[in-house]
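For reference, the structure is listed below as structure tokens.
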Amino acid sequence: DRRLRDTEMILPVVVGTCAWWLGKKASDTVTHRWTVYLKAANNEDISHIVQKVTFELHHTFNNPHRVVLQPPYEVTEQGWGEFDINITLSFTPDSREKDVSILHRLKLYENESTPNTTKKPVMSEVYEELVFSEPVEAFHRRIAST
Ligand code: SLL
């Protein structure tokens with residue numbers, strides 16, 4: 001499969017965390033329920049170019065290496081602390097693209113002056129543009145059709 005010279009493709013994605021404080025139901029080790037996710041910025045289905053998304057959680061979790069093969073690419077857990085989550089995106093083998101890793105910090109608390117509330121979640125979302133230089137034709141066609 002030949003590479004397309006002088007061609008660059010951009011895949012806009014968002015990674016984020018959404019955390020709910022458990023309020024009266026909080027214990028010492030479980031104060032929040034949270035989800036970490038990766039998706040296309042335009043919400044399109046990207047399962048035809050993604051082989052898997054791996055979420056590396058803090059070592060205090062059971063099986064911290066979480067592999068998600070199908071969308072939605074997300075992990076929901078509960079815990080008590082904030083930490084950096086390494087998110088690795090692997091593309092379908094025919095793309096011949098290397099894995100891409102994005103580091104995202106789980107956010108459980110707003111700034112100090114904002115009291116905890118169970119009414120609305122704490123969100124932390126980042127937009128990223130993944131750039132593919134001189135992609136192989138098959139991959140280019142598939143991205144172009146998202
Ligand atoms: C901190 N450096 O001290 C961070 C570590 C780890 C959070 C946070 C585990 C929950 C469970 C959990 O929430 N770990 O064991 O199920 O703030």
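Start at 1 and go down the list; that is how both ligands and their atoms are numbered.
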| field | Hydrophobic cluster partners of Ile10 (side-chain heavy atoms under 4.5 Å) | value | Val131
| task | State, to 0.1 Å, how close Pro12 and Tyr127 come at their nearest heavy-atom pair, and which atoms those are. | result | CB-OH, 3.4 Å
| task | Quick one: closest heavy-atom pair of His104 and Gly16, and the distance? | result | NE2-CA, 3.7 Å
| remark: The complete set of side chain to side chain donor-acceptor pair (under 3.5 Å) pairs with one or both residues in residues 77-93, sequence neighbours excluded, reads Arg66-Glu77, Asp84-Arg105, Asn86-Thr88, Thr88-Ser101, Ser90-Asp99, Thr92-Asp94
Return a table of donor-acceptor pairs under 3.5 angstrom between the side chains of residues 28-36 and protein atoms on other chains or two or more places apart.
unit_1 : atom_1 : unit_2 : atom_2 : d
Thr31  : OG1    : Gly79  : O      : 3.2
His32  : NE2    : Leu108 : O      : 3.2
Thr35  : OG1    : Thr76  : OG1    : 2.8

| Between CZ of Phe55 and CD1 of Ile85, what distance do you get to the nearest 0.5 Å? | 8.0 Å
Quick check on ligand 1: any N or O pairs to the protein under 3.5 Å? One line per pair.
unit_1   : atom_1 : unit_2 : atom_2 : d
ligand 1 : 13 (O) : Trp80  : N      : 2.9
ligand 1 : 14 (N) : Thr60  : OG1    : 3.0
ligand 1 : 15 (O) : Thr60  : O      : 3.1

